[in-house]
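Written below as structure tokens is the structure these notes are about.
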Amino acid sequence: MPYYKRHIDQKLLEWKDAPRRKPLLIRGARQVGKSTAVRELGKTFKYYVEINLERQQSLRTLFTEDIDVKKTCSNLSATLSIPIVPDETLLFIDEIQSCQPAIRALRYFKEDYPQLHVIAAGSLLEFALEELPSFAVGRIRSLYMYPFSFDEFLSAQGLDLQVEAKQGASSANPLVVPLHTRMKEQLRSYYLVGGMPAAVTEWIENSSYAEVRRVHNDIIDTYEDDFPKYKRRVSPVLLRMVLDSVAHQAGSKFVYAQVSRDVHSSSIKDALSLLTLAGLIIPVTHTNGNGLPLGAETDMGYRKYLFLDTGLMLTMLGTPASDILLSTETDLVNKGALSEMFAGLELVKYGDCFVKPAMYYWQHQSKNGNAEVDYLTAKDGRVLPIEVKANTQGSMQSLYLFMRKRHLTDAIRCSLENFSHFDHSDAEDNQAVRHIEIVPLYALSSL
């Protein structure tokens with residue numbers, strides 16, 4: 001199988017060359033490409049050692065509570081007949097969650113063997129880490145990995161020049177119309193294919209949405225097969241119900257009663273927590289958004305959830321490909337939550353991969369109706385609201401209300417329009433000018 005480059009490749013190379021590096025822990029949902037990326041990095045070393053503590057259970061005995069990491073590496077080297085040499089060998093410990101002593105041992109690589117490059121990963125790692133809340137603080141660095149972003153999807157198809165063109169575009173220099181049209185077509189394909197590496201590979205090799213859906217179903221089956229392995233006891237049936245409900249409620253405040261009126265909300269809350277730990281969903285929490293940090297004024301009672309991948313979600317919902325390929329632009333952006341979810345996932349993927357993502361939105365309820373801004377983020381020390389809308393200024397009253405209340409002058413509107421901008425004179429705030437940058441949905445990496 002060919003290797004398609006990922007954003008984290010450069011981060012891994014930087015980690016490799018860092019003079020004061022720490023052991024690296026790659027975190028993310030199953031099948032997002034963690035092991036494949038590490039193996040690609042391994043090609044840049046003279047020696048590469050990979051062990052899988054789920055399959056090679058006999059090797060777990062090498063990770064004892066009173067471990068001597070240099071002796072452990074010597075034993076590994078003899079067992080596998082591969083030299084483990086400082087600065088020349090990459091040691092990759094996969095499925096490390098199946099051996100807690102191995103997780104605890106990571107700190108000693110930093111303390112006693114800092115010259116050796118060590119990376120660990122695991123498909124259900126977050127559950128093991130939750131039981132070790134203070135493990136190796138300051139001695140391990142985490143890197144968070146997700147499915148392919150839209151830019152990675154384009155690059156995998158050999159469209160790097162198009163990626164460069166859109167990354168260099170702006171409201172003062174929009175894309176030429178043919179390329180803008182091409183990007184919108186690619187975006188529709190990405191919605192259906194998603195970013196799971198196996199699905200992207202299938203699409204590149206066969207260009208068949210039907211075959212891609214079969215890959216999606218296999219991945220979903222794998223995730224559901226994991227449900228009984230989750231540490232806290234929550235019924236796999238309930239986990240499936242909650243995951244399905246997240247897909248149906250995407251883009252809206254999550255309502256527990258829509259899962260089932262016969263299940264207590266505390267059980268649904270536990271299921272949401274477990275699905276979040278597994279990386280299958282990402283919470284987006286309401287914040288008042290008065291200033292930074294955005295996490296200072298949150299209300300956990302108001303949460304939306306992003307499904308890990310657009311392709312997986314559409315397959316789970318049984319959405320026909322024609323609904324995406326033939327819909328009008330307005331329908332694709334304004335009806336349903338697909339574009340809003342895509343935008344949120346892109347913001348996560350282009351964020352700092354060394355920081356656990358925290359996503360926020362704003363909601364205001366009054367007698368006259370509800371107002372909501374899809375995402376709030378920080379830029380240049382200020383709150384930046386991001387709204388996903390079609391190309392009608394009249395539908396942006398929620399955004400204008402938030403900007404008025406928070407005395408903001410700048411915002412982003414994501415749509416299927418080309419790069420552009422406009423100024424809105426707020427009649428309800430002494431004609432204060434609100435500057436709105438229009439960023440195409442396919443160009444969120446520009447932010």
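Here the structure is a predicted model, which means the values were calculated and not measured.
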* Look at the rings of Phe342 and Tyr190 and say which category their plane angle falls in: under 30° parallel, 30 to 60° tilted, over 60° perpendicular. => perpendicular
Could you tell me the separation between the [atom1] atom of [X] and the [atom2] atom of [Y], rounded to the nearest 0.5 Å?
| X | Y | atom1 | atom2 | answer |
| --- | --- | --- | --- | --- |
| Thr89 | Gln115 | OG1 | CD | 12.0 Å |
| Ile119 | Leu143 | CD1 | CG | 8.5 Å |
| Ser208 | Arg214 | OG | CZ | 6.5 Å |

* Take Leu408 and Leu384 through the side chain to side chain contact (heavy atoms under 4.5 Å, CB included) test and state the conclusion after the steps. => CA-CA 8 Å; Leu408 299 175; Leu384 179 68; over 6 Å; no
Is the distance between the ring centroids of [X] and [Y] less than 6.0 Å?
| X | Y | answer |
| --- | --- | --- |
| Tyr361 | Tyr375 | no |
| His180 | Tyr442 | yes |
| Tyr360 | His286 | no |
| Phe153 | Phe148 | no |

* Could you walk me through whether Leu25 and Arg141 pass the side chain to side chain contact (heavy atoms under 4.5 Å, CB included) check? -> CA-CA 6 Å; Leu25 197 58; Arg141 170 160 289 182; over 6 Å; no
Compare every heavy atom of [Y] with every heavy atom of [X], then report the nearest pair and how far apart it is.
| X | Y | value |
| --- | --- | --- |
| Lys304 | Glu340 | NZ-OE2, 2.6 Å |
| Ser398 | Asn370 | OG-O, 4.5 Å |
| Leu280 | Ala29 | CD2-CB, 4.4 Å |

Return yes if a side-chain donor-acceptor contact under 3.5 Å exists between [X] and [Y], otherwise no.
| X | Y | result |
| --- | --- | --- |
| Asp151 | Gln167 | yes |
| Tyr191 | Ser339 | yes |
| Ser149 | His7 | yes |
| Gln258 | Tyr256 | no |
| Glu54 | Ser98 | no |
| Ser155 | Lys5 | no |

Please determine if [X] and [Y] form a salt bridge, counting it only when a charged side-chain N lies under 4.0 Å from a carboxylate O.
| X | Y | result |
| --- | --- | --- |
| Lys184 | Glu329 | yes |
| Arg6 | Glu152 | yes |
| Arg240 | Asp225 | no |

* Check the pair Phe227 / Leu275 against side chain to side chain contact (heavy atoms under 4.5 Å, CB included), numbers first and verdict last. => CA-CA 9 Å; Phe227 288 167; Leu275 292 170; 3.9 Å; yes
* May I ask you to test the Tyr350-Leu447 pair for a side-chain heavy-atom distance under 4.5 Å? => no
* **Verdict with reasoning, Leu106 to Ile96, per side chain to side chain contact (heavy atoms under 4.5 Å, CB included)** => CA-CA 10 Å; Leu106 289 176; Ile96 195 173; 4.0 Å; yes
* Asked: Is the number of heavy atoms from other residues, nucleotides or ligands under 6.0 Å of Lys269 NZ greater than 12?
  -> no
* To do: I would like to know whether Phe254 and Tyr305 meet ring pair (Phe, Tyr, Trp, His ring centres under 6.0 Å); could you show each step before the answer?
  => CA-CA 7 Å; Phe254 191 83; Tyr305 287 91; 5.6 Å; yes
* Structure fact -> Contacts of Lys11 meeting side-chain hydrogen bond (donor to acceptor under 3.5 Å, both in side chains) (sequence neighbours excluded), chain-then-number -> none
* For the pair Tyr144 and Phe354, evaluate ring pair (Phe, Tyr, Trp, His ring centres under 6.0 Å) and give the outcome as yes or no after the intermediate values. => CA-CA 6 Å; Tyr144 296 88; Phe354 294 109; 9.0 Å; no
* To do: Could you tell me whether Lys349 sits above the aromatic face of Tyr146, with NZ or CZ closer than 6.0 angstrom to the six-membered ring centre and within 45 degrees of the axis?
  => no
